Amino acid sequence: MLRTLRENRPLQGFLLILPTLVFMVGLLIIPLMLTLVVSFGRRSPDGGVIFTFSLENYLRLLGYERNCPSGEAVCFNPLYLQILWRSITLAFNTTVLVIVLAYPLAYYIARAPARWRTALLFMVLVPMWTNFVIRVYAWMMILRKEGVINLALGWVAHQLGIPFQPLEMLYTPGAVLVGMVYEFLPFMILPIYTSLEKIDLSMYEAAADLGANPWRTFLRVTLPLSMPGVVAGTILVFVPVMGTFVVSDLLGGRQVVLVGNLIQRQFLDARDAPFGSAASLVLMVMTLIVTYFYTRKFGFGEEIIAA
Amino acid sequence: MSEFAVELRNVVKRFITPEGHEMVAVDHVNLQIRHGEFFSLLGPSGCGKTTSLRMIAGFELPSEGEVLIDGQPQGKKPPYMRPVNTVFQNYALFQHMTVFENVAFGLEMEKVPKEEIRRRVGEALEMVKLSGMERRRPRQLSGGQQQRVALARALVKRPKVLLLDEPLGALDLKLRKEMQLELKALQKEVGITFIFVTHDQEEALTMSDRIAVMNQGKVLQIGSPMEIYERPNNRFVADFIGETNFVEGEVRSMEGEWAQIYIPAWGRELSGRAGPGLQVGQKAWLSIRPEKIRLLDEPRVNESIQGRILDVSYVGADTRLFLEVSGVRLKVWEQNRLSSLEATHFYRAGDAVYLALFRENVLILRRE
Ligand SMILES: Nc1ncnc2c1ncn2[C@@H]1O[C@H](COP(=O)(O)OP(=O)(O)OP(=O)(O)O)[C@@H](O)[C@H]1O
Ligand SMILES: [Mg+2]
């Protein structure tokens, strides 16, 4: 028995992936299949699922509406398309902003003296020890009408004798963007740092030797060599931002509804599992399509993931 | 054009080590390297060769003293403003660029027109025999080919001086010998001043017009390969370049370029060429190369000394003999001039031999 195991390499391989395989099939493949089946069903009056094969839920997402205010049988309602579009643009903007903020910081850490680097990285990670939701609440404290920012501005205005009207910052798209950028910053800093840190010092020296000033060295050598980090970070940020609902729920309120919120509400408030399932699958397919085209162009940043 | 391509005037470089100590990596070095010269910096690991080179390139600034390139003091000029280029020990090729892009990089930085870049890169790659490999990535090349790309990338800029830090260090012996000859021929062809760092004495002897031998941050001797080998001016150089026998003694008399040294172990005086700074009455070394000792079967010359063979090793071109001469050990290399398999033609351990140390072959060096 042991002997066959020792000699049978395919069997060894199979045994090695078995735990993961069980996990993936049990917790990913089967639920996904269920979601697919449910998404073709209909909501029963008591909130259960009637299993049929109808494309109704998908049509609804595309704007096909049966409860028309004007009394027609069907009409066009762009609500859900707007939500999808808002999610994509928000994920895109978040990713771009995160890259812009994370890159200089990662660069600074990678170029710091070796004995400082660990401490600096540690500081990047410290906030992640606090619960995700609590960190979002902290932003509510900062942004709300009686929050830290308005208090400070009010005090300054008072000192200068200017009339002050508290700014409406909470429950705006801007607040959601700020929250998302804050939450996902470390996921960009770490891979960019890793790729920058791997660049041999002699690369910079060779560039300088060949006549490149520091700025051109950055554009022609540093940036291209750190692209795997940016690519990996982009995937790590874009994909979860597309799906989260906590940040938009707490910082966006009813104003900023994303696909994530839509799905959550279908399952918990509206008790319309079939429509929620359809929305989940559309979100997944959308994310896959964007990631597919992105990775086809830039790769996965596998150099980083492998490191 | 000034007199020297590169000049180092009293250059000192101090480092603070990670342990917090101050250490002198380069200690009051003076070098005057002529235009078109193949100049080598030779010395053991850690003697300051790389640091010296990096100060010429501008990667390090001297703690004291001055670096001049073509007569211009370089001061704190950054590397990208200096008219020199470097071939790095690990080649430092840009992995994200093709061979063509690597070689073109330096010309793009000078804003050379596209057409001219294409032409000059083509010429440079032809010169290092890499035509047709333009579109490969460095990873897809052998070590020797990468080395050539590094060379082409630096030479295409037509620098006044090319700095090479152990460029052949990573190659296997055979390729290394080939590249030595090619590099030397290339240097003659382009006429650019080469400053070549190596710790391989044979390499330095083969390739250089002149060699500076360094130890512990100091330059001990500068000279042509022949001068360095035949007239080392101190024990370190004599020992580091090639092999040498040293015998303790004391200077008895001096006359012109000759000196008499008394060897207590042998109870006799020998004559030899006086090294620099020698004084009568001083302790000194008698130094002689193993291939310059003549072996005799019988005491024919009246100067000959008797010894006994301890060990013999046959290495093809030579036979290496290890002798004991009245308590002093000597190595002697005998050329195998005759082709023979007969045992009588060879020395055997235990045999008595007589040796002659002709004064032309003997150097008498100061003992510090
Ligand atoms: N950045 C640095 N900080 C501290 N010490 C250094 C630094 N660079 C070099 N040194 C020290 O200076 C001395 C000379 O170093 P260098 O690299 O010039 O030696 P080298 O002659 O090139 O040796 P090798 O043949 O091993 O390359 C060494 O003792 C080294 O430890
Ligand atoms: Mg070195």
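These numbers were taken from a predicted model, which means no experiment stands behind them. Just so we're on the same page: letters track the sequence lines, and every chain starts at 1.
- More than 12 heavy atoms of other residues, nucleotides or ligands sit less than 6.0 Å from atom CZ of B/F15.
- A/L225 approaches B/H96 most closely through the heavy-atom pair CD2-ND1, 3.3 Å.
- Comparing B/G106, B/G58, B/A150, B/P159 by heavy-atom pairs within less than 4.5 Å of chain A, the highest count is held by B/G106.
- Residue A/R115: no heavy atom, backbone or side chain, is found under 4.5 Å from chain B.
- Contacts with chain A were tallied for B/M97, B/Q95, B/E110, B/R54; B/R54 has the most, counting heavy-atom pairs under 4.5 Å.
- Annotation: B/K160, atom NZ; neighbour count of heavy atoms from other residues, nucleotides and ligands within 6.0 Å does not exceed 12.
- Annotation: residues 209-217 of chain A contacts chain B through A/D209, A/L210, A/G211, A/A212, A/N213, A/P214, A/R216 [non-hydrogen atoms, separation under 4.5 Å].
- Listed by first then second residue, pairs satisfying ring-ring contact (aromatic ring centres under 6.0 Å, His included) with a partner in residues 102-143 of chain B read B/F94-B/F105, not counting sequence neighbours.
- By the 6.0 Å contact criterion, CZ on A/F92 is open, its count of non-hydrogen atoms from other residues, nucleotides or ligands being 12 or less.
- When all heavy atoms of A/S202 and B/A92 are compared, the pair lying nearest together is OG-CB, 3.6 Å.
- Within the 4.5 angstrom heavy-atom criterion, only backbone atoms of B/L93 (N, CA, C, O) approach chain A.
- Counting heavy-atom pairs closer than 4.5 Å to chain A, the top residue among B/R82, B/E108, B/M81 is B/E108.
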